[in-house]
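Remarks on the structure that follows.
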Number of protein chains: 2
Amino acid sequence: MAKVDTHKVMQQAERSCADHGVRLTSKRKHILEVLLNAQAPRSAYEIAELYRQKTEENIPVMSVYRMLDFLMQNSLVHKLASNNKFIACAHIACSHSHQTPQFLICDNCQQVREIGVDKQLIHALEESIEHNHFQLNSPQLELHGLCETCQQES
Amino acid sequence: MAKVDTHKVMQQAERSCADHGVRLTSKRKHILEVLLNAQAPRSAYEIAELYRQKTEENIPVMSVYRMLDFLMQNSLVHKLASNNKFIACAHIACSHSHQTPQFLICDNCQQVREIGVDKQLIHALEESIEHNHFQLNSPQLELHGLCETCQQES
DNA sequence: ATTGAAATGATATGATATATCATAATTTGT
DNA sequence: ACAAATTATGATATATCATATCATTTCAAT
């Protein structure tokens, strides 16, 4: 997870929500900040705990799930289906529109990189799949392996 | 899920286990048969229920998980991480060695096709990823969308 | 200020998965 | 054929992830 300028990202997130006429409430902001500051993907329950530490207020896990849903709908957060954890989008502050995210998940340290897989490659993948008469929804890829640091350790 | 000759597949599974010196017990066989006969991926709890119907014997879910682990280790079953369900490998009876599986998951009818994505494509994907200094474990891809039948219905 | 809509809380419960210790079945060495 | 060791399975408890539902609060528009 590359370091991000949390403040700048939050500003961009607020602007993006304002532009879309949706409300980035202070609780939703806290959730997003928790994820931005996290060093790895977090489960909803972990997020609730981090929220408590950060704000000294309890938050029901139910609410965390709802806020995560909101943040996902607005492309501020992604869910990693392969381990049931959530991660802040790495491209909130980027100007370009969001493409389908691709994740490299380190099975040793759990860190995740959100990469832009070559567009042509994705396109080719889609074509290959449509040969099978299958209509792709959203080709979010989650690829497991070892990050550079953890490769060196072993 | 294409129709398979269950009997033939089971024979091949037995041979494969024998070759590897591992025990395909009758309970493990039942679990595999349940998945071979299923029309879609099943959760461990669903498998336990199907097992009961098939054999008229109760089986603890804990045991189901263990047997699924065994079957996965021996490439007879795959787990779909994106929906926490299990599926029999579509290539048990194929002679060629198992490659990394790629799944097309229909979000409408839940059916899954295990396809061979073009090898070159996978290779290109791996290269792109290694540009990011990431060492891929096993690029199992799970792609969500609509199968041919369900496209026509909508 | 009133009202309607959206957000959040509270509570319950369902669904998925693992830890751990006990028992049974199978294999192995003699 | 028997005992010991290994492997497989059972039983029980509990952790973890997620959703359903109804109540209350907050916010925005008039």
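Predicted model only: the values in this text are computed from it and were never measured. Chain A is the first sequence line, chain B the second, and so forth, proteins listed ahead of strands; every chain is numbered from 1.
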Whole-Å distance, B/Q73 CD to D/dA8 P, equals 10 Å
Distance in angstrom units between B/L71 CG and D/dA8 P, rounded:
12 Å
Check: B/H144/B/D107 side-chain N/O donor and acceptor closer than 3.5 Å:
yes
I'd like a table of atom pairs between the protein and nucleotides 28-30 of chain D - only N or O on both sides, under 3.5 Å - with the distance next to each one.
none

For atom CG of A/N83 and atom P of D/dA18, their distance in whole Å:
10 Å
If you restrict it to nitrogen or oxygen atoms, what contacts under 3.5 Å exist between nucleotides 8-15 of chain C and the protein, and what is each distance?
from	atom 1	to	atom 2	distance (Å)
C/dT8	OP1	A/T25	OG1	2.5
C/dT8	OP2	A/R28	NE	3.2
C/dT8	O3'	A/K27	NZ	3.4
C/dG9	OP1	A/K27	NZ	2.5
C/dG9	OP2	A/S63	OG	2.8
C/dG9	N7	A/R66	NH2	2.5
C/dG9	O6	A/R66	NH1	3.1

Looking at residues at least two apart in the chain, or sitting in another chain, which of them share a side chain to side chain contact (heavy atoms under 4.5 Å, CB included) with B/A90?
B/E114
When you check the phosphate oxygens OP1 and OP2 of D/dC17, does a side-chain N or O of A/K79 lie under 4.0 Å from one of them?
no
Quick one: do B/E33 and B/K54 make a salt bridge, cutoff under 4.0 Å?
yes
Give the rounded distance in Å between these two atoms: NZ of A/K29 and P of C/dA7.
14 Å
Let me know the distance between CG of A/D69 and P of D/dT19, rounded to the nearest Å.
7 Å
Indicate whether any N or O donor in one side chain lies under 3.5 Å from an N or O acceptor in the other, for B/E14 and B/Q12.
no
Would you say that A/L32 contacts A/V9 through its side chain, given a criterion of any heavy-atom pair below 4.5 Å between the two side chains?
no
What is the distance from atom CG of B/N37 to atom CG of B/L50, rounded to the nearest 0.5 Å?
9.5 Å
With respect to the phosphate group of D/dT16, does any side-chain polar atom (N or O) of A/N84 fall under 4.0 Å of OP1 or OP2?
no
Starting at NZ of A/K85 and ending at P of C/dA17, how long is that distance when rounded to a whole Å?
13 Å
In whole angstroms, the gap separating P of D/dA8 from CG of B/L24 amounts to 11 Å
Only residue of A/E46, A/H30, A/E56 satisfying side chain to side chain contact (heavy atoms under 4.5 Å, CB included) with A/Y51 is A/H30
With a 4.5 Å cut-off on side-chain heavy atoms, are B/Q140 and B/Q102 touching?
no
Is the closest side-chain heavy-atom distance between B/L146 and A/F134 below 4.5 Å?
no
